[in-house]
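Accompanying notes for the structure given below.
The figures here come from the full heavy-atom set of this structure, side chains too, leaving out hydrogens, waters and symmetry mates.
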Amino acid sequence: MFKTLVNAWKLADVRKKMIFTLMIILLYRVGVAIPIPYLDSNMLSSYMALTDGSIFQYLNILSGNAFSQATLFALGVSPYITSSIVMQLLTIAIPALEKLAKEGQDGQKKINKITRYVTVGLALITAYGYYMLLRNNNVLVDNGVFPAIVIICSYCAGAALVMWLAEKVNEFGIGNGISMILFANIVSGLPSAVGTFWSQLVSGTVSGVVIAVVSAILALAMVVFIVFMHDSERRLPIQYAKKVVGRKMYGGQSSTLPIKLTMTGVMPIIFANSIVTIPATIALFFPTPKEGGFWAGFLKLFSAESWFYALLTFALIIAFAYFYTAISFNPVEISNNLKKNGGFIPGIRPGKPTADYITKILNRIVLIGAIMLGIIAVVPMIANIIAQGGLGSLAFAGNSIIIVVGVILETTRELESQMTLRHYKGFLE
């Protein structure tokens, strides 16, 4: 990886893209630190301390702590990611959008334009909801109409600016704009994590040293496991029939249809976390229930330190892995394309038998990949439960590591592909 970065830096045009991407990330981090007026910082800190295990903690991780500080980029990339998912679902449900998706680059530009409008709409709704959350918890110093307009417009503009920055990285940078911003947000919390690790390591107590060592081993093991998952794929052999045109023979070549183990990426974990944190999130809008009561037991059951929470997260990850695969991968369409191009899987008849065969293989791969994703998401929770909270809040540690490792691997491959296009072979030496 480091050799790839060094070799990429030697190319002038690739170096410009890398510098541009770093500047965009720096501008984003500046926006994370810009405060919004009419906020009481002390009341905000007190309230955000109560959001552990809720969807707000997850949003705070994705926004690089901007959500807990209620700064300009508090909404982060969430509206853009949500609008992209919504448009992906609507492309399947609405024939007009499906037709646009099949029109190639021009159709994709139109879909991207619609996605931007949906992002602004979702950002406006989310900004209003965030404003009401701050107002209902006495975080604002002024509850008037003008402060409300200023705060809502600021958050909506911040979300639109984040979307613009991500698209500029895609256009003039090294690509994967949203992923790069998410990577920067998660890595921004690394210094505090290292500080916590060091304080436990030098605490002098046996429990502190054990917790620090276990945390380090667990993090390294998860990184190795994620890299193994990311590089794993099932390759279905494809054979193309020979055909004679004039005096020339075409076809007769062999190829493969790769099906990646991590085809769904981190999306099943994102969906599962969004669902499983609903009870804890709703509870923040009501007074704390009395200990020993039904609602107190119910909320404890859905806390990030309960076994039920971990098992439910694992089950939802598997369910959403199949759901997301069903909307993003169409075996029937792949089978039809193979048939049109004269391709077939050896031993399998073209058409419906090929689609059924791909579906059977896909279901097995999705199950294995979903179980592995579930393990990555649940193992930190189980470790925290066994340590009785000694490892801190690790409810969202798994998907954070997946995002970081995945972005590093994808960025490395993107740089390698750009160097290959320029006939540069230094990274192969």
### Query
Atom CD1 in Ile238, atom CD1 in Ile345: separation rounded to 0.5 Å?
4.5 Å
### Message
To check you understand the geometry: which heavy-atom pair defines the closest contact between Ala127 and Ile152, and what is its length?
### Response
CB-O, 3.6 Å
#### Entry: Audit row: Glu167, Arg116, side-chain contact (heavy atoms from CB on, under 4.5 Å) steps and yes/no
CA-CA 10 Å; Glu167 291 186 347; Arg116 296 189 191 102; 2.9 Å; yes
### Phe228 CZ: over 12 foreign heavy atoms closer than 6.0 Å
no
### Query
Is the closest side-chain heavy-atom distance between Phe329 and Ile358 below 4.5 Å?
yes
### Query
So which heavy atom on Met87 is nearest to which on Ile114, and how close?
CE-CG2, 3.7 Å
### Query
If we only count heavy atoms from C-beta on, is the Ile178 to Met163 side-chain gap below 4.5 Å?
no
#### Entry: Minimum side-chain heavy-atom gap Leu236-Thr256 below 4.5 Å
no
### Query
Which atoms form the tightest heavy-atom contact between Leu261 and Gly369, and what is the distance?
CD1-N, 3.6 Å
### Query
Are side-chain heavy atoms of Val276 and Leu312 found at a separation under 4.5 Å?
yes
### Query
With no hydrogens and no angle check, is any side-chain donor or acceptor of Ser46 less than 3.5 Å from a backbone partner on Asn42?
yes
### Heavy-atom donor-acceptor pair, Asn60 side chain to Ser68 backbone, under 3.5 Å
yes
#### Entry: For Lys360, salt bridge (Lys or Arg N to Asp or Glu O under 4.0 Å) partners two or more places apart
none
### Task
For the pair Phe172 and Ile24, evaluate side-chain contact (heavy atoms from CB on, under 4.5 Å) and give the outcome as yes or no after the intermediate values.
CA-CA 10 Å; Phe172 300 108; Ile24 291 293; over 6 Å; no
### Message
Parallel, tilted or perpendicular: which one describes the rings of Tyr130 and Tyr155, with boundaries at 30° and 60°?
### Response
tilted
### Query
So, does Asp142 use its side chain to make a donor-acceptor pair with the main chain of Tyr38 at under 3.5 Å?
no
### Summary
Here the gap from Tyr322 atom OH to Leu362 atom CG, rounded to the nearest 0.5 Å, amounts to 8.5 Å
#### Entry: Ile149 CD1 to Tyr131 OH distance, which is reported to the nearest 0.5 Å
9.5 Å
#### Entry: Nearest-0.5 Å distance that lies between atom OG in Ser232 and atom CE in Met372
6.5 Å
### Sidechain N-carboxylate O distance under 4.0 Å for Asp356, Lys352
yes
### Query
Quick one: does Leu140's side chain get under 4.5 Å of Asn143's, heavy atoms only?
yes
### Query
Has the side chain of Ser335 got a donor or acceptor atom that lies under 3.5 Å from a matching backbone atom of Pro331?
no
#### Entry: Test side-chain contact (heavy atoms from CB on, under 4.5 Å) applied to Thr21 - qualifying residues, sequence neighbours left out
Ile25, Val169, Ile174, Met180
### Query
Just wondering, do Val32 and Ser63 contact through their side chains at under 4.5 Å, heavy atoms?
no
#### Entry: Under 3.5 Å donor-acceptor, Ser154 side chain and Leu72 backbone
no
### Query
Once the angle between the rings of Phe323 and Phe320 is folded into 0 to 90°, is it parallel (under 30°), tilted (30 to 60°) or perpendicular (over 60°)?
perpendicular
### Message
Counting neighbours of CZ on Phe225 that are heavy atoms of other residues, nucleotides or ligands and sit closer than 6.0 Å, is the number greater than 12?
### Response
yes
### Task
Could you walk me through whether Thr325 and Ile365 pass the side-chain contact (heavy atoms from CB on, under 4.5 Å) test, one step at a time?
CA-CA 11 Å; Thr325 302; Ile365 294 175; over 6 Å; no
### Task
Verify the distance criterion only: is there a donor paired with an acceptor across the side chains of Tyr28 and Asn185 at less than 3.5 Å?
yes
### Query
Side chains of Val405 and Val227: does their closest heavy-atom pair fall under 4.5 Å?
yes
### Nearest atoms (heavy-atom pairs only) where Glu233 meets Pro258
OE1-CB, 3.8 Å
### Query
Given Leu39 and Val141, is the side-chain contact (heavy atoms from CB on, under 4.5 Å) satisfied, shown in steps?
CA-CA 6 Å; Leu39 295 180; Val141 297; over 6 Å; no
### Query
Got a sec: does the NZ of Lys339 have more than 12 other heavy atoms crowding it under 6.0 Å?
no
### Query
If only atom types and distance count, is the side chain of Asn330 paired as donor or acceptor with the main-chain N or O of Val332 below 3.5 Å?
yes
### Task
Supply the atom-to-atom distance Thr313 OG1 to Ile317 CD1, rounded to the nearest 0.5 angstrom.
6.5 Å
### Message
How long is the straight-line distance from OG1 of Thr91 back to CD1 of Ile111, given to the nearest 0.5 Å?
### Response
4.5 Å
### Query
Are there more than 12 heavy atoms of other residues, nucleotides or ligands under 6.0 Å from atom CE of Met132?
yes
### Query
Taking the side chain as C-beta and beyond, is there a heavy-atom pair between Val404 and Leu182 under 4.5 Å?
no
### Query
Shortest non-hydrogen contact from Ala70 to Ile36?
O-CG1, 3.5 Å
### Query
Of the non-hydrogen atoms in Ala166 and Tyr80, which two are nearest, and what is the gap between them?
CB-CE2, 4.5 Å
